[in-house]
Number of protein chains: 2
Amino acid sequence: MTQKFEFLSKNQQIIYDIIENAKEPLKAYSILYSVKKKGIKAPPQVYRALDRLIKMGKIHKIESKNAFIACKNSNCTISNATAFSICDSCEAITEISNLKLSKYLANFQDDTGMRYNKYNLEFFGLCRKCKKNKS
Amino acid sequence: MTQKFEFLSKNQQIIYDIIENAKEPLKAYSILYSVKKKGIKAPPQVYRALDRLIKMGKIHKIESKNAFIACKNSNCTISNATAFSICDSCEAITEISNLKLSKYLANFQDDTGMRYNKYNLEFFGLCRKCKKNKS
DNA sequence: ATCGCTATGTTATATTATAACATATTTAAT
DNA sequence: ATTAAATATGTTATAATATAACATAGCGAT
Ligand SMILES: [Zn+2]
Ligand SMILES: [Zn+2]
Ligand SMILES: [Zn+2]
Ligand SMILES: [Zn+2]
């Protein structure tokens, strides 16, 4: 297992498990609802865990959806370079793990010469299934 | 003037003018506050205008900041391909208009062969000024 | 044992965004 | 000009997302 030596606190572990086992990105309040039975009762508890999991690179936030997804990409445990594929029809979301793309973007500098240490890219289109259904 | 032949309704024009003249991206409720004197009183009026301006490509939403910025990039009046540079320190935000980048991303296909008709990219780093101030 | 740091618990509130419905205005067809 | 459809606006209420502020608990290092 590519298990990094990073400990999760109790709440962090509870919340990570839920996100990790979900089939789709989860919203903060849906997470809150799921963890009520585990004793986590209030939004700050959820948001604090989310913040830390993001900083650790264990999860990412899909900004255009306000939803959280577990990182399946052992490369980006630093959470500073993320790319997602989002289907406009069924909302299926997957993390893109493409070395050429990440290299291209990590090395990108704009016309003023500014360099970046972090990026987030969200692609939208129709996934295979939805494209088929339309044709 | 590269004035496109697209009419803005009264509220759309009021709200576009404010965003266009702002030095930085504006939040919806700060726009609402600014336009109270023009008779726009409620959030839905602002959000509706924002939605339509976005669809027209006249403005873009900075997803990571929930803020709205006028498009200065005559290319992207279709709003389907956006890239921004965001300074982590002073929050300066500018739209990146780089032909190589936009071509690369428009033609990108992931490992499953999926193609995209829209993307949004947000780069983070330190702008020139902030980098200087740190050194 | 005490200090400093991190995590947690809790209440209240701030911020962002939409639902739902009524009315008005514009556009296009008859 | 009359009507119908489509678009835009006005209005109230509420939903959804996120943070402030403060109190308490746990834990590791000196
Ligand atoms: Zn990842
Ligand atoms: Zn799909
Ligand atoms: Zn633009
Ligand atoms: Zn700066």
Side-chain angles (χ1 to χ4, degrees), chain A residues 4-19 22 24-69 79 86 88 91 93 120 122, chain B residues 4-19 22 24-69 79 86 88 91 93 120 122:
Chain A
K4 271 211 64 186
F5 197 62
E6 254 171 355
F7 293 112
L8 300 188
S9 74
K10 188 184 67 139
N11 288 0
Q12 287 160 18
Q13 188 67 57
I14 290 170
I15 283 166
Y16 178 68
D17 287 345
I18 299 227
I19 296 174
E24 66 281 312
L26 298 179
K27 305 275 208 153
Y29 275 71
S30 118
I31 294 169
L32 175 58
Y33 180 83
S34 311
V35 298
K36 283 250 164 92
K37 49 196 130 180
K38 303 242 177 189
I40 294 177
K41 290 174 195 144
Q45 296 174 287
V46 171
Y47 280 102
R48 282 194 292 232
L50 290 173
D51 284 349
R52 280 152 209 175
L53 290 167
I54 287 170
K55 274 183 193 123
M56 292 176 194
K58 306 279 294 177
I59 65 171
H60 304 304
K61 181 175 185 184
I62 311 294
E63 293 286 356
S64 63
K65 305 282 182 193
N66 297 316
F68 303 86
I69 190 174
S79 119
I86 303 174
D88 279 323
E91 303 249 301
I93 299 183
N120 179 53
E122 299 182 5
Chain B
K4 271 210 63 185
F5 197 61
E6 254 171 352
F7 294 112
L8 300 188
S9 74
K10 187 183 65 132
N11 288 0
Q12 287 159 18
Q13 188 68 57
I14 290 169
I15 283 166
Y16 177 69
D17 287 345
I18 298 227
I19 296 174
E24 66 281 312
L26 298 180
K27 305 275 210 153
Y29 276 72
S30 117
I31 294 169
L32 175 57
Y33 179 84
S34 310
V35 298
K36 283 250 164 91
K37 48 198 130 181
K38 303 242 178 191
I40 294 177
K41 290 175 195 144
Q45 296 173 288
V46 172
Y47 280 102
R48 284 194 292 232
L50 290 173
D51 285 349
R52 279 151 208 175
L53 291 167
I54 287 170
K55 273 182 194 124
M56 292 176 196
K58 307 279 292 177
I59 65 170
H60 304 304
K61 181 176 184 182
I62 312 293
E63 292 287 356
S64 63
K65 305 284 182 190
N66 297 316
F68 303 86
I69 191 174
S79 117
I86 303 173
D88 279 323
E91 302 250 301
I93 299 183
N120 179 52
E122 298 181 5

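Proteins get letters first, then strands, A, B, ... in listed order; numbering begins at 1 in each.
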Whole-Å distance separating the [atom1] atom of [X] from the [atom2] atom of [N]:
X       : N      : atom1 : atom2 : answer
B/Gln13 : D/dT7  : CD    : C1'   : 17 Å
A/Leu32 : C/dT11 : CG    : P     : 14 Å
A/Leu50 : C/dT8  : CG    : P     : 12 Å
B/Leu8  : D/dT7  : CG    : P     : 16 Å
A/Phe7  : D/dG28 : CZ    : P     : 11 Å
A/Lys65 : D/dA16 : NZ    : C1'   : 15 Å
B/Arg48 : C/dA19 : CZ    : C1'   : 11 Å
B/Ile62 : C/dT16 : CD1   : P     : 14 Å

Query - Distance (rounded to the nearest 0.5 Å) between A/Ile18 CD1 and A/Lys38 NZ - result: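 Taking CD1 in A/Ile18 and NZ in A/Lys38, the distance rounds to 7.0 Å.
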Query raised in the report: Backbone N or O of B/Lys27 within a donor-acceptor pair of the B/Lys65 side chain at under 3.5 Å?
Result: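 Absent.
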Query - Donor-acceptor pair, side chain of B/Glu122 and main chain of B/Ser64, under 3.5 angstrom - result: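 Side chain of B/Glu122 to backbone of B/Ser64, a donor-acceptor pair under 3.5 Å: yes, one is there.
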Establish, with yes or no, whether the OP1 or OP2 oxygen of [N] is under 4.0 angstrom from a side-chain nitrogen or oxygen of [X].
X       : N      : answer
A/Lys10 : C/dG9  : yes
B/Tyr47 : C/dA17 : yes
A/Lys38 : C/dT8  : no
A/Asn11 : C/dA7  : no
A/Ser9  : C/dT6  : no
A/Lys27 : D/dA16 : no
B/Gln45 : D/dG10 : yes
A/Asn66 : D/dA18 : yes

Looking at the side chain of [X], which of [options] is the nearest nucleotide?
X       : options                : result
A/Ala42 : C/dT10, D/dA8, D/dA18  : C/dT10
A/Pro43 : C/dA17, D/dA18, D/dA21 : D/dA18
B/Arg52 : C/dA17, D/dT9, C/dT8   : D/dT9

Requested in this report: Give one of base, sugar-phosphate or nothing for A/Lys61, where a contact means two heavy atoms less than 4.0 Å apart.
Outcome: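 Sugar-phosphate: the residue A/Lys61, judged by heavy atoms under 4.0 Å, touches backbone atoms but no base.
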Query raised in the report: Are any of the side-chain heavy atoms of B/Ile31 and B/Leu50 separated by less than 4.5 Å?
Result: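 Yes; the side chains approach each other to less than 4.5 Å.
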Query - Validation row: A/Ile59, A/Tyr16 side chains within 4.5 angstrom (heavy atoms) - result: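 The answer is yes, as the side chains (C-beta and beyond) meet within the 4.5 Å cut-off.
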Requested in this report: Tell whether A/Tyr29 reaches the base of D/dA15 with its side chain through a donor-acceptor pair below 3.5 angstrom.
Outcome: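 For A/Tyr29, whose side chain was compared with the base of D/dA15, there is no donor-acceptor pair (under 3.5 Å).
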Requested in this report: Determine whether the side chains of A/Gln13 and A/Asn11 contain a donor N or O and an acceptor N or O closer than 3.5 Å.
Outcome: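 A/Asn11 and A/Gln13 do not have a side-chain donor-acceptor pair below 3.5 Å.
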Query raised in the report: Pick the nucleotide of DNA chain C nearest each of B/Ser30 and A/Lys41; which residue has the one closer to the 5' end?
Result: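 The residue whose closest nucleotide sits nearer the 5' end is A/Lys41.
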